[in-house]
Protein chains: 2
Amino acid sequence: MPTPTRASLAQIVDAGRDILESAGASGLTMQAVADRVGVRAPSLYKRLSDRDALLRAVAYATIDDLTARLEAANGGIPSLARTYRDFAHDRPEGFRLMSTAELPVEALRLPVEPLLRACTQTVGEEHALDAARFAVAWMTGFLHMELSGAFRLGGDVDGAFEYGLRRLVASLEA
Amino acid sequence: MPTPTRASLAQIVDAGRDILESAGASGLTMQAVADRVGVRAPSLYKRLSDRDALLRAVAYATIDDLTARLEAANGGIPSLARTYRDFAHDRPEGFRLMSTAELPVEALRLPVEPLLRACTQTVGEEHALDAARFAVAWMTGFLHMELSGAFRLGGDVDGAFEYGLRRLVASLEA
DNA sequence: ACCTGAACACCGTTCAAGT
DNA sequence: ACCTGAACACCGTTCAAGT
C-alpha cells in the first residue's frame, strides 16, 4: 500500500504562516515547518523546490487574505487605508514578507485593484495610477515604520495615521 | 612584539558596506567580511559581539552618510525628497538595511531633522511632527516599492514620484 | 593584545534506500 | 508515490592555544 499523503501543500503553507507570525522570518525554517506538519525536512522538497518557494507561497497566501479583506471593505480610500492597517497589525510578519519576498509584479494587482478604483473615482482615469501609487506608498511606508517602532517616540500614532489620511484624501480631491 | 592591529572596526564596516551592496544582506556574512579584511572570521569577534552588531554598525554608517547628504541639500521638501531618492538609488541595499536592522528610535533623529525643520516652516510647530511622518512615510514607502520593482509595470516611475511630491507639498501648504 | 585552527550547533539541500 | 536517515556544504560562534 502506498503511503498516504501526510503533508499537503496547503498544510505546509498554513504551518508556515503560523510559524512566521510567532517566530519571524528567520524562524521560518524548513525544519520548523516539517516538525509542525509531522514530517522530516527532506519531505518538504516533494512540494516545494526550496525555502524561497516556501516564502513565496506564504507571501501569496498572505496577499490572498489581504485581498479578501480589502474587497469586503467599503470601497472608499479611508476605509481601504484602515483595513490595510488593521491587516498589518494582525499579521505584522506576513505584511513584512509581502514586501520582502521577491514576487512577480502581477502578484499585487488584485489587492491594489480596489484602491485603483477609488482613485479613479476621485482623480479620474488619467492620473488614477499616479494617485494609487501615492496612496499605496504612504500607507505602506507608514505601516512599515509603525511596525518597526520608528514612531515609538513622541505623540499619538493613531493620530498621525488619521492626519496623513486626511491630507492624502484632501490632496487627491483638490 | 604584540601583533599590530590588522582589522580596525572602520575597515570592517567599510568592507561590510561594500559587500552589502554587491552581494545583498544575505551575502553579508562574517566570512565574507573576514576575507575582505584579511583575517579569519573568529577575529571579527574582537570588534563586534555578533553578526547583528555588524549589521547595526553598517546601518549606522549608512545613516551617517544619508544625514550628510540631507544636510547638504537645500532645505525645502522637494530637495530633501529628491536627495533621499538619489541616496536610495546609490545604495539600495544600505537603504533597505536602514529599515530592516533593529535600531533604537533615536538612530533616525538626525536624518529626519532637516525634514522636520522644513515641515515646521510649512505647517507650523503644532503639526510639524505629523506632517514629517506623513512625508517620510510616503517617501520611504515609494522608494521601497520602487526598489523592489513593484512599480515596474505601467507608466513613468519618475513621473509618479514627481506627482506624489507635488501632491504632498500641496497638501501641506493647503 | 590579537590572531588562529579546531570544533560545535544549526540550517538548507541531495540522494540512495526503504515502504 | 511518499517517506526517511545519512551525508555534505555553509554559516555563526566559542575557545584553547599560539605569537
Side-chain angles (χ1 to χ4, degrees), chain A residues 1-62 93-94 96-97 100-103, chain B residues 1-62 93-94 96-97 100-103:
Chain A
M1 190 162 53
T3 320
T5 296
R6 262 196 250 174
S8 72
L9 186 56
Q11 278 175 285
I12 291 172
V13 172
D14 280 356
R17 294 189 74 186
D18 283 0
I19 294 168
L20 177 66
E21 291 305 333
S22 57
S26 71
L28 180 47
T29 67
M30 301 299 270
Q31 314 235 20
V33 172
D35 282 356
R36 183 72 85 87
V37 155
V39 103
R40 301 291 177 163
S43 299
L44 299 177
Y45 293 82
K46 284 281 150 183
R47 306 274 179 229
L48 295 158
S49 58
D50 52 22
R51 181 171 180 268
D52 240 61
L54 170 66
L55 294 177
R56 279 195 305 271
V58 171
Y60 276 116
T62 307
E93 295 292 343
R96 282 198 184 100
L97 182 63
T100 306
E102 311 254 338
L103 302 175
Chain B
M1 190 161 55
T3 320
T5 297
R6 263 196 251 172
S8 72
L9 186 57
Q11 276 175 287
I12 291 172
V13 172
D14 280 356
R17 296 189 72 186
D18 283 359
I19 294 168
L20 176 67
E21 291 305 333
S22 58
S26 72
L28 179 47
T29 67
M30 299 301 270
Q31 314 235 21
V33 172
D35 282 355
R36 183 70 85 87
V37 155
V39 106
R40 301 291 176 162
S43 299
L44 299 177
Y45 292 82
K46 284 282 150 182
R47 307 274 178 228
L48 295 158
S49 59
D50 53 23
R51 181 171 179 268
D52 241 61
L54 171 66
L55 294 177
R56 280 196 304 272
V58 171
Y60 276 117
T62 307
E93 296 292 343
R96 282 199 184 98
L97 182 63
T100 307
E102 312 254 336
L103 301 175

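Within every chain, numbering begins at 1; the chains are lettered A, B, ... in the order of the sequence lines, protein sequences first and strands thereafter. Predicted model only: the values in this text are computed from it and were never measured.
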(message) Please report the distance, rounded to the nearest Å, between CG in A:Leu9 and P in D:dC2.
(response) 12 Å
(request) Starting at CZ of B:Arg17, measure out to CG of B:Leu28 and round the result to the nearest 0.5 Å. (result) 12.0 Å
(message) Requiring both pairing distances under 3.5 angstrom, list the stems that contain DNA chain D and are made of three or more consecutive Watson-Crick or G-U pairs.
(response) C:4-8 with D:12-16, C:12-16 with D:4-8
(request) Would you confirm whether B:Arg47, through its side chain, and B:Ala7, through its main-chain N or O, come within 3.5 Å as a donor-acceptor pair? (result) yes
(request) Measure from CD on A:Gln31 to P on D:dA6 and round the result to the nearest Å. (result) 15 Å
(message) Side chain of B:Arg40 only, heavy atoms from C-beta on: which candidate in D:dG5, C:dT4, D:dC3 is closest?
(response) C:dT4
(request) Would you check if A:Val58 and A:Leu97 make a side-chain contact, meaning some heavy-atom pair closer than 4.5 Å? (result) yes
(request) Round to the nearest Å and state the distance from B:Leu54 atom CG to D:dC11 atom P. (result) 14 Å
(request) Give the rounded distance in Å between these two atoms: CG of B:Asp50 and P of D:dC11. (result) 17 Å
(message) Measuring only between side-chain heavy atoms, which start at C-beta, is B:Val13 closer than 4.5 Å to B:Tyr60?
(response) no
(message) Rounding to an integer number of Å, can you tell me how far A:Lys46 NZ sits from C:dT14 P?
(response) 12 Å
(message) Is there a side-chain contact between B:Arg51 and the phosphate of D:dT13, meaning an N or O under 4.0 Å from OP1 or OP2?
(response) no
(message) Donor-acceptor pair, distance only, cut-off 3.5 Å: does the side chain of B:Glu21 make one with the backbone of B:Gly94?
(response) yes
(request) Could you tell me the separation between the CD1 atom of B:Ile19 and the P atom of D:dC11, rounded to a whole number of Å? (result) 12 Å
(request) Please say whether more than 12 non-hydrogen atoms of neighbouring residues, nucleotides or ligands are located less than 6.0 Å from CZ in B:Arg40. (result) no
(request) Could you please name the option among D:dC3, D:dA6, D:dT14 that lies closest to any side-chain atom of A:Pro42? (result) D:dA6
(message) Quick check on D:dC10: is either OP1 or OP2 less than 4.0 Å from any side-chain nitrogen or oxygen of B:Thr29?
(response) no
(message) Measure CD/B:Gln11 against C1'/C:dC2 and give the value in whole Å, please.
(response) 14 Å
(request) State, to 0.1 Å, how close A:Leu48 and A:Leu9 come at their nearest heavy-atom pair, and which atoms those are. (result) CD2-CD1, 3.9 Å
(request) Quickly work out the A:Leu44 CG to C:dC11 P distance and round it to whole Å. (result) 14 Å
